[in-house]
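Below is one structure, written out as structure tokens; comments come after it.
Heavy atoms only: backbone and side chains are in, while hydrogens, waters and symmetry mates are out. Protein chains get the first letters and strands the later ones, always in sequence-line order, with residue 1 at the start of each.
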Number of protein chains: 2
Amino acid sequence: MDGQAERPASGGENGAIRKRLPPAERRQQIIDEAVRFFAEVGLEGKTRELARRLGVTQSLLFNYFATKDELIDAVYEKVYIGRLSPDWPERLTDRSVPLRYRLLAFYTEYSALIFEREWMRIFMFSGLDGASLNRRYLKHLGDVILHPLLAETNALARTNTPPKMEDVWNLHGGIVYIGIRQHIYRMPEPPKPQEEIARAIDKYLLFFGIDPGD
Amino acid sequence: MDGQAERPASGGENGAIRKRLPPAERRQQIIDEAVRFFAEVGLEGKTRELARRLGVTQSLLFNYFATKDELIDAVYEKVYIGRLSPDWPERLTDRSVPLRYRLLAFYTEYSALIFEREWMRIFMFSGLDGASLNRRYLKHLGDVILHPLLAETNALARTNTPPKMEDVWNLHGGIVYIGIRQHIYRMPEPPKPQEEIARAIDKYLLFFGIDPGD
DNA sequence: AACTCTATTGAGCAGATGATCTTTAAATGC
DNA sequence: GCATTTAAAGATCATCTGCTCAATAGAGTT
């Protein structure tokens with residue numbers, strides 16, 4: 001009933017011979033492209049289109065992943081894993097360093113990791129989907145980053161209104177929103193994101209009367 | 001080849017007679033349900049499922065909307081229209097009122113409008129989709145709200161670092177992020193959103209040395 | 001060069017999906 | 001009560017989509 005079917009590989013667009021990779025390598029190749037693909041079009045992207053971009057047949061995908069959901073799980077894993085470095089909780093609570101520097105260091109590194117189109121979009125797609133990995137990530141973020149950060153702020157706050165968790169979320173959200181604007185809404189990148197992050201942090205510290213050197 | 005086909009109406013779940021509404025009313029009913037439906041499952045939600053929720057046949061939808069895209073456009077219109085009240089630019093620049101009150105008034109009203117699951121999620125879905133209405137909305141927001149707001153801040157700022165557009169975006173983003181957490185990531189609602197908004201505003205004003213009474 | 005192993009292709013199925021068109025029946029006017 | 005109008009249902013199409021499986025051919029071994 002078809003007569004045309006798929007027709008990739010065997011020479012294809014470029015002259016590259018793309019057949020018969022070692023399975024581990026092919027699997028990785030598929031995941032890498034799937035991350036780009038799903039980040040661009042969403043999790044409802046079709047396997048045939050993904051296969052076309054890879055220059056392989058659609059059926060090959062199911063040789064490496066039993067179902068599309070399993071492929072998406074691999075994409076989640078690849079994207080979520082390693083996004084929260086395990087040494088941050090320690091560094092954020094190192095009181096030998098002024099809080100301002102700790103915050104600057106954290107958000108400089110963190111924004112470098114998350115202000116990236118693939119991460120931002122897949123995070124948002126999976127969030128809208130209610131993916132459990134997304135919820136776990138946010139809980140983890142709260143536990144190991146934001147909550148400690150509240151404690152650090154509390155330890156230094158000089159105002160009579162004590163810092164609340166919501167204040168930390170506000171700091172965090174204001175910074176993350178830079179990436180949302182850029183990668184979800186595709187607005188132009190702000191001139192100097194690092195500077196905006198620094199200002200957000202200073203705003204936060206000033207509100208609680210925390211000196212830059214504390 | 002079917003033998004079963006769709007089978008809604010004619011009594012259905014509840015005893016309500018649902019046939020033969022006036023076209024304008026039916027059209028509105030479809031749009032209303034479509035907003036809820038697409039907000040929940042995304043724009044790739046299937047017309048058959050939407051029809052099932054409405055208790056009508058899938059083919060009826062195409063009696064009111066030529067294509068699914070046309071229905072989605074109607075959803076966009078319903079959701080986006082009236083979200084930015086036209087009198088805000090005026091009220092935001094009324095210098096007889098302290099800036100703090102103007103900001104409080106604006107964000108109290110604005111958050112009441114946008115901290116709503118349907119809006120938040122359809123806005124995000126359409127943003128990820130690159131919908132032109134989404135881009136126009138953000139441009140409009142920048143032009144009629146945020147840019148004037150920068151001018152107002154500038155007029156009152158007492159610090160030597162002048163306010164920048166990015167500062168306004170940071171204020172805005174930090175507030176909007178409250179709704180994102182709640183409706184996109186489905187985290188629990190903060191205890192008192194209004195209070196958090198007030199604190200975000202005060203942080204902003206304090207950073208530029210603007211007195212609450214100014 | 002023949003042989004083996006298995007990564008990859010090619011063909012196709014079953015169910016889903018947007019859309020079309022004919023038929024049915026609810027409301028209205030006479 | 002009957003005819004007319006048209007909202008809604010019912011049937012169905014062409015295509016798409018995730019997935020399966022037998023056939024093919026690339027690369028290493030002998």
Side-chain angles (χ1 to χ4, degrees), chain A residues 1-31 33-34 37-38 41-75, chain B residues 1-31 33-34 37-38 41-75:
Chain A
M1 186 64 48
D2 207 341
Q4 190 68 10
E6 291 90 45
R7 173 203 21 95
S10 72
E13 330 289 330
N14 45 35
I17 299 163
R18 52 172 85 79
K19 291 232 282 194
R20 231 180 161 73
L21 292 190
E25 191 176 328
R26 177 69 81 187
R27 187 187 157 87
Q28 199 51 56
Q29 185 196 48
I30 292 173
I31 295 175
E33 186 66 38
F37 175 62
F38 288 127
V41 308
L43 303 174
E44 313 250 355
K46 313 306 179 187
T47 55
R48 277 172 176 79
E49 167 68 7
L50 170 60
R52 204 189 51 72
R53 296 197 185 193
L54 279 158
V56 298
T57 52
Q58 181 239 16
S59 62
L60 185 65
L61 302 180
F62 291 92
N63 219 320
Y64 290 87
F65 304 92
T67 64
K68 186 187 170 185
D69 275 346
E70 204 175 280
L71 170 59
I72 289 178
D73 283 344
V75 166
Chain B
M1 183 67 48
D2 206 345
Q4 190 66 10
E6 293 89 45
R7 172 202 26 93
S10 70
E13 329 289 331
N14 44 35
I17 299 162
R18 51 172 87 77
K19 293 230 284 193
R20 233 181 159 74
L21 292 189
E25 190 177 330
R26 176 70 81 185
R27 187 187 157 88
Q28 199 52 56
Q29 185 196 48
I30 293 173
I31 295 176
E33 186 65 39
F37 176 62
F38 288 127
V41 306
L43 303 174
E44 314 248 355
K46 314 306 178 186
T47 55
R48 276 173 177 77
E49 167 69 7
L50 170 59
R52 203 189 52 73
R53 297 197 185 193
L54 279 158
V56 299
T57 53
Q58 180 242 13
S59 63
L60 185 64
L61 302 180
F62 291 91
N63 220 319
Y64 289 87
F65 304 93
T67 64
K68 187 187 170 185
D69 275 346
E70 203 174 280
L71 170 58
I72 289 178
D73 283 345
V75 166

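Distance from the side chain of B:Thr57 is smallest to D:dA9 among D:dC19, C:dT9, D:dA9. Which of C:dG18, C:dT6, C:dT9 sits closest to the side chain of A:Arg20 comes down to C:dT6. Closest contact between the side chain of A:Ser59 and the listed nucleotides C:dT9, C:dA19, D:dG18 involves C:dT9. Of the candidates D:dA8, D:dC19, C:dG18, C:dG18 carries the atom nearest the B:Thr47 side chain, counting heavy atoms from C-beta on. For A:Tyr64, counting side-chain heavy atoms from C-beta on, the closest listed nucleotide (C:dT9, C:dA7, C:dG18) is C:dA7. Distances from the side chain of A:Arg48 to the nucleotides C:dT9, C:dA7, D:dT17 place D:dT17 closest.
Rounded to an integer number of Å, the gap from A:Glu25 CD to C:dT6 P is 18 Å. The interatomic distance linking B:Leu61 (CG) with C:dA19 (P) rounds to 10 Å, in whole Å. Put simply, CG on B:Leu60 is 14 Å from C1' on C:dT24, counting in whole angstrom units. Per the geometry, CZ belonging to A:Arg27 stands 18 Å off P belonging to C:dT6, to the nearest Å. Going from atom CG of A:Leu54 over to atom C1' of C:dA7 covers 15 Å, rounded to whole Å. If you take CG of A:Leu43 and P of D:dG18, they are 12 Å apart, rounded to a whole angstrom. Taking atom CG on B:Asp69 and atom P on C:dG18, their separation rounds to 10 Å, with Å as the unit. Atom pair B:Phe62:CZ and D:dT6:C1' shows a separation of 20 Å (rounding to whole Å applied).
The 5' end of DNA chain D is approached more closely, in terms of each residue's nearest nucleotide, by B:Pro23 than by the other of B:Pro23 and A:Lys46.
The minimum heavy-atom distance between A:Leu54 and A:Leu61, with the atom names listed, is CD1-CD2, 3.9 Å. Shown here for B:Leu71 and B:Leu50, the closest heavy-atom pair between the two residues is CD2-CD2, 3.6 Å.
Taking the side chain to side chain donor-acceptor pair (under 3.5 Å) definition, one finds that A:Glu70 meets it with nothing, sequence neighbours left out. In this structure, the side chain to side chain donor-acceptor pair (under 3.5 Å) partners of A:Arg53, at least two apart in sequence or on a different chain, are A:Glu40, A:Glu49. With sequence neighbours left out, the side-chain contact (heavy atoms from CB on, under 4.5 Å) criterion links A:Tyr64 to A:Pro23, A:Arg26, A:Arg27, A:Ile30, A:Leu60.
Using modelled atom types, one side-chain atom of B:Lys68 and one backbone atom of B:Leu43 make a donor-acceptor pair closer than 3.5 Å.
Using a 4.5 Å heavy-atom cutoff, the side chains of B:Val75 and B:Phe65 are not in contact.
Under 4.0 angstrom from either OP1 or OP2 of D:dA7 there lies no side-chain N or O belonging to B:Arg26.
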Short heteroatom pairs, N/O only, protein and nucleotides 28-30 of chain C, under 3.5 Å:
none

